Number of protein chains: 2
Amino acid sequence: MSATGAAAMVPLYEQVKAHVLRMIGSGELQAFSRVPSENELVRLLNVSRMTVNRALNDLASEGVLTRTAGVGTFVAEQSVRAHPLQINNIAEEIRRRGHRYHAEVLLLELACADQALAREFGVHPQAPLFHSIVLHHENERPIQIEDRYVNPVVAPDYMSADFTVETPNEHLVRVAPLQRAEHVVRAANPDPDQAQLLDMAPGEPCLVLRRRTWTNEIVASFATLLYPGSRYEFAGRFTV
Amino acid sequence: MSATGAAAMVPLYEQVKAHVLRMIGSGELQAFSRVPSENELVRLLNVSRMTVNRALNDLASEGVLTRTAGVGTFVAEQSVRAHPLQINNIAEEIRRRGHRYHAEVLLLELACADQALAREFGVHPQAPLFHSIVLHHENERPIQIEDRYVNPVVAPDYMSADFTVETPNEHLVRVAPLQRAEHVVRAANPDPDQAQLLDMAPGEPCLVLRRRTWTNEIVASFATLLYPGSRYEFAGRFTV
DNA sequence: CTGGCTGACCTGTATAGACAAGCTTCCGGC
DNA sequence: GCCGGAAGCTTGTCTATACAGGTCAGCCAG
């Protein structure tokens, strides 16, 4: 591994991070398993220890690894974390952890706004709305049910998008600038269908995120995201 | 600034971070204003440029600063600060809704840090920590169990505070400036004691907020807040 | 068999030096 | 006046080196 190759452009420490993430993604490194030590990676990748150190520290501060002086570096199989406020892309979030992502489209239809939806969107009842239900998987395990209504005015091509390639969120961000968002986080028991889709244990609660987003002062989408309580949590930090 | 001082224990780069944060906290550096360049800080603090680089990069990855090659380092805008989860003062929140609030102190003790707590606080195991459990009520109905550990270094008078008059959070805000916070939101089933304290229906899940706060770069408190899932939710909005 | 010591290996931190690349300013030639 | 380029700042990256301190296994003495 060398930085001098004209191809590079990607910093060495990023290449080291990618190497470790690949090892995690390929299953070579399981949760809690030990990551090669800094010196081993130095020999393996032919970079300096400081470069490896930076790469591993980065991944640790991102929550991918945990490190203990005198012991070693390990894969941190934390339950997933996301910041509730940043409109996050679940696909990117999973891939950043070096895990495999795929989506399953359960429903994609043209729906009519009922009373409640009409109020959320500020449209008349019976107004057309796109409606999608997508099941997102991390390492072949379901992690999120995304039940989303979209305003056709904002995203007219929503129905022809392929959500196994591009998440609904990515599609919306691409076609319409996000201007404002409102969200509500709750804990709730899933109904039986949802529990089965998310492969949840009996009695396990869900973390529920409801989000409404605006584009150009009109409601663009209204989404309900369900996560298994035992496998997902929102995390965030802020500075005063 | 030197690492050799016996007092130290705190890494140099943490001291550099604290120095910059103090400049921000004191108003010397406003939002968008320019942070001294790496070389200026090198001269000012008498550390190597790599150490300054690490400190500033850390603060940038935490969202405190933004950096641009060839231009400089600046204090980030921090508009996303208006985090809904920041609204921590349950008493004020309840009173703002026009409801009656009262608190019940279930426990107030001097505790010893176990392994996990020592890690959260960055202190040695067996180190003393204040520990309080307060049950907050809205209209005579329990709404939050607050289980909090506090660093005696930050709030030495914590044990003599009256939490029926001033919430633990208010006390901390008063005696120590909040600098940074980290939180995690989960959904979980309460244990029987907790369910009873919160007057919850059988099978009802809890919304759990875990929060760690920093003052002057040391962990000031670690709190676990339990809410009945059927009677509480986090909500907020933000603008891009 | 037990207890303590030692050495190997790990991460954590700090430094000096080097080069690359982005941006701004200014100056000189036209 | 206008344009181009050099100078001089900035951050970004990489390396070699050094030492400290944590952890663990294994050896050796009692």
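Worth knowing before you read on, the calculation uses all heavy atoms, side chains too, and leaves out hydrogens, waters and symmetry mates. Values in this document were obtained by computation on a predicted structure and should not be read as measured data. Throughout, protein chains are lettered first and strands after them, A, B, ... in sequence-line order, and every chain is numbered starting at 1.
A cation-pi arrangement, defined by a distance under 6.0 Å to the six-membered ring centre and an angle within 45 degrees of its axis, is absent between A:Arg95 and A:Tyr101.
Phosphate proximity of C:dC10 to A:Ser37: present, with a side-chain N or O under 4.0 Å from OP1 or OP2. Within the 4.0 Å cut-off from OP1 or OP2 of C:dT11, at least one side-chain nitrogen or oxygen of A:Thr73 is found. For A:Tyr13 and D:dC14, the shortest distance from a side-chain N or O to OP1 or OP2 is not below 4.0 Å. Taking 4.0 angstrom as the limit, A:Thr51 places a side-chain polar atom (N or O) nearer than this to OP1 or OP2 of D:dT15. Proximity of B:Arg67 to the phosphate of D:dG12: a side-chain N or O atom is located under 4.0 Å from OP1 or OP2.
The heavy-atom pair separating B:Val219 from B:Glu120 by the smallest distance is CG2-O, 3.5 Å.
One atom, CG of A:Leu12, and another, P of C:dC19, lie 17 Å apart when rounded to the nearest Å. Whole-Å rounding puts the A:Arg43 CZ to D:dT15 P distance at 16 Å. Distance CG (B:Asn39) to P (C:dA18): 15 Å, rounded to an integer number of Å. The nearest whole Å value for the distance from the CG atom in A:Asn53 to the P atom in D:dA18 is 18 Å. Rounded to whole Å, the distance from CZ on A:Arg54 to C1' on D:dC14 is 10 Å. When rounded to the nearest whole Å, the span between CD of A:Glu38 and C1' of D:dT17 equals 14 Å. Between A:Phe74 atom CZ and D:dG22 atom P the separation is 17 Å, expressed in whole Å. Rounded to whole Å, atom P of D:dT23 lies 14 Å from atom CZ of A:Arg34.
The residue B:Asn57 sits close only to the backbone: its heavy atoms come under 4.0 Å of sugar-phosphate atoms, none of a base.
Distance from the side chain of A:Glu40 is smallest to C:dC10 among C:dC10, C:dG12, C:dA14. Taking only side-chain atoms of B:Pro11, from C-beta outward, the nucleotide of D:dT10, C:dT13, D:dT15 with the closest atom is C:dT13.
Ranked by how close their nearest DNA chain D nucleotide is to the 5' end, A:Ser48 and A:Val71 are led by A:Ser48. Where A:Met50 and A:Ala69 meet DNA chain C, the nucleotide closest to each residue was compared, and A:Ala69 sits on the side nearer the 5' end.
Of the N and O atoms on the side chains of B:His171 and B:Asp157, not one donor lies less than 3.5 Å from an acceptor on the other residue.
Donor-acceptor pairing under 3.5 Å, judged by distance alone, is absent between the side chain of B:Arg49 and the base of C:dG17.
For an aromatic pair to be called close, the ring centres must be under 6.0 Å apart, and B:Tyr149 with B:Tyr158 fails this.
A salt bridge (charged side-chain N to carboxylate O under 4.0 Å, His left out) with A:Glu138 is found for one member of A:Arg231, A:Arg96, A:Arg100, A:Arg97 and no other, namely A:Arg97.
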